[in-house]
Each structure stands twice: as C-alpha cells, then as structure tokens.
Amino acid sequence: MTGTTETPQTLRGRSSAETRSAVLDLIRTSGEISRVDLARRSALTEATISKIVKDLLSAGLVIQSGFAQSTGGKRPALLRLNGGGAHAIGLTLDFHRCVIVLCAADGTELARSEAQGTGFDEPAVALDRLAAAVDALLTREQVDRASIIGIGVASAGRRGSPLGGVVDTSFFDVWEPVPVEAELERRTGLDVVRENDADCAALGEYWSSQEPARDFVAVYMSHGIGCGIVINGAIYRGASGNAGEIGHTTVDPDGLPCWCGSRGCLETVASPRAIVREALADDALRARLGVDEGTPTDQVYGRFLGLAADGDPLASAILDRAAAHFAAAVGALVNTLDLDLVVLAGSGFAGAGEVFLEAARRRVAATAFMRELHPITVRLAHAGAETAALGAASVVLQRGLTPHRSA
Ligand SMILES: [Zn+2]
C-alpha cells in the first residue's frame, strides 16, 4: 500500500458527492486500502465510510480485492478501484499544441499523441483535426470505442459568460459561439466534458502524484496565464467558478489595454503573445527572427525562444523581463495562500520552462515573509506537457465514476 500518511484528510463539511469522490480518490491513490484505514485517513467515521463503500461496491466502481493481515480479529477486506477495462481520453484545446492522452479507469496514462494547436484556424478545422487525432490514437492503440467513458477537454475561457462559452476577444472570440462539447461529440460519437485548462493542470498534477500535495497551485501558461488552486485536495473555484485568473492581475496600472477590459494585466507583459508582440515591434529582432506579420504566433514564439537560447541579447532581455513579471505574480501567490508548492504547466513553458522556473525560484527565495517559515518548492509539473490532458481525463473519470458529482 502506498500513501499511508498519518494526517487525516479533512473531508467533513463537503457535500456527499464531494465526499464520495474524495473517498474514491483515497482508494485510487492507495492502490488497496481497508475500510478502517479509509476512516483513519479521511477523518470520517467508520459508519460513514461503510455506507459510502457499500454504495461504491453496489455501483461497481470499487471491488474487494483481498484481505489485509489480521491485527487480532477478523482480517479486514481490502478495496480497490474496479478498472473494468474502461478508458478515458483527455486533451488540451491549446493554441500552440494539443496533447491527447488515453487513460485507464484509475487515471494511469496508457498512450499519448499530439496534434497541431488551434492557432487562428477556424474552429471547425481545428475540431476536425482533433477528432481525427483521437480516432488515430484509438486505432493505433486498438482500443474499443465502447470502452471509452468520454473525452475531457482542457481549454481556456471564462465561465458564466452570457453565451456560457469561451470569451477572449484577442484570440478566442471566434470560439465564443462554438459549443465545443457538442461539436466534438458529433465528430467522435463520444461524451465530452470541458474544464478550465489551469484547473485541469492542477487535477493532472494531483492525479499523477502517488502522494499528492493537498494544498498547492498549478500555474498554467498557454496563450494566456491562469492557475488552478488546490485546497485540501479539491479545486478552489471561487464565487463564479473563475478562481485563479492571475493573468488578469494588474502589473502596470498604466500599461497596455488587456482584452478583459483592464490595463497592464500580467498577460499583457508575460504571456507568449505579449512576448511575440514585443519581439515583432523591434525591426532588427523581427529581421533576425525571419518572420513577418503573417507568420503564426506559435511559430514566432518558437523561433524567438530559439534566439533567446542562442544568447541573442534583445530576445534574452525580453524573455527575462517577462519571466520577472511572471515570477512576481508567483511570489504574490505564495504570500497570499501561504503555499509551499507551486508547479508550472502548459505549452507556454515548452522551450522556456527553465527561464520562468529559475525566475520564479529566485523570486520565491527573496520572498522573505514565507521563506522564514517553511521551504517553498517551485517546479515543473510531474507529467510535463500532458499534465492538463491527464487532468481533463480525470474529470471524465470522476464524472463517470461518480455521476452525481456536480461540476
Ligand atoms: Zn486582463
């Protein structure tokens, strides 16, 4: 058995569906566990655990897998997830690069593939491409479609907009009226759920860790910057489900207008598109990049990172400045939430992860208030580029496994 931490998870005060999901999480991360250990680790009563386990057993989500050693009386039965040959797919609907993962019912990654990012392509074109990539993955892995519980999509976007969709007038405006779930369901014949990409990154980090941290933040950078906040093992969503939008915290009150309506947001100085905009504004640098206004942003960003890595002074200065702004936001998060762990995930870090990572570490090391109290770890996500895709698959698994859980 793994994950035998002695401090119980405080599951009291959650809704019954959340408690059920959290108990399932405990069984999943433990591999095998008895009812007594579940009660000890969850701080729930044995009667409550017995009732939840009875429900999980009758729903076929959990099976009895054997017996633990006796400690005097009857040998306690061990429980584990019922894999049952079911699968889930997770994918990132990402500007730069889409990652697709195929997972077993316990969240283990079985296979992975990549597809071209959405860029500024028409949504129908990008969705056709994604559906074809999902088909190709299933064919390659010889997976029966009937075994797929569903597809989880990690994408940017504000919840609760008038259209209920993605709103980003600088890039996602074309996506706003697109019902991505329905469109992908039509193309793949599979159930589709969508979740915020930063929250997916946090979930992916949580699910891919044998002993996940209960309190941490996953900072996700793709076209924009956001973060998924995990408090006591659950995503913190805030009043409208939009918690974690650090990309729209003000860095410079007199700075450039941001698509959100404010000025000088972090995204206007530290995101890949901000970096690209700054790089293209310099004629000499633009010439060294060998691009023009028509070159896709992701390609410009890739070439820019190449120049910076080769020591181009101006490219390096632009990247360092962006990383310093980013790092300041990470330092503010650490102080606000008293964090001892921050993980970085997302395609925006690909090729630039070390620069952002080192800047954040330097900043945190200089964050005197918390530094004096406990160590603070900043690192890249365990699962790398596919972290958010794994998290999206876990959303499917959690919904599939616990159908009463609300989003
Ligand atoms: Zn903004």
Side-chain angles (χ1 to χ4, degrees), residues 92-96 117-120 154-178 194-202 217-229 235-281 297-298 300-301 304 318-319 321-337 342 344-349 352 356 359-360 363 388:
T92 55
L93 185 68
D94 189 288
F95 183 81
H96 300 283
T118 61
F120 291 104
S155 73
R158 186 159 45 181
R159 278 174 184 268
S161 70
L163 288 163
V166 175
V167 182
D168 181 340
T169 50
S170 64
F171 146 63
F172 266 130
D173 53 343
V174 291
W175 286 90
E176 184 178 345
V178 180
R194 189 159 72 171
E195 179 62 275
N196 175 271
D197 50 10
D199 287 347
C200 283
V217 162
V219 181
Y220 190 81
M221 185 160 79
S222 168
H223 203 52
I225 304 169
C227 67
I229 303 166
I235 294 284
Y236 174 74
R237 297 187 185 279
S240 64
N242 290 293
E245 289 294 336
I246 53 160
H248 300 286
T249 49
T250 305
V251 175
D252 176 4
D254 301 317
L256 293 170
C258 177
W259 66 264
C260 76
S262 298
R263 274 186 178 278
C265 294
L266 181 64
E267 279 190 13
T268 67
V269 293
S271 64
R273 66 184 137 158
I275 291 169
V276 163
R277 189 198 57 239
E278 204 174 333
L280 291 179
T297 307
D298 53 327
V300 182
Y301 188 57
F304 169 86
I318 290 173
L319 186 58
R321 203 156 50 233
H325 282 302
F326 172 83
V330 171
L333 270 177
V334 165
N335 274 347
T336 306
L337 295 172
V342 177
L344 311 185
S347 63
F349 294 115
F356 283 91
R363 182 70 189 204

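Just so you know, ligand 1 is whichever comes first in the structure, and atom 1 is the first atom listed for that ligand. Excluded from the calculations below are hydrogen atoms, water molecules and symmetry mates; all remaining heavy atoms, backbone and side chain alike, are included.
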Closer than 2.8 Å to the Zn ion (ligand 1), which protein N, O or S atoms?
-> H248 ND1, C258 SG, C260 SG, C265 SG

Has the side chain of [X] got a donor or acceptor atom that lies under 3.5 Å from a matching backbone atom of [Y]?
{"X": "R273", "Y": "H223", "answer": "yes"}
{"X": "E267", "Y": "H248", "answer": "no"}
{"X": "Y220", "Y": "A156", "answer": "no"}
{"X": "R263", "Y": "G255", "answer": "yes"}

Which residues pass the side chain to side chain donor-acceptor pair (under 3.5 Å) test with R321, sequence neighbours left out?
-> E278

Parallel under 30°, tilted from 30 to 60°, perpendicular over 60°: which one fits the rings of F326 and F356?
-> perpendicular

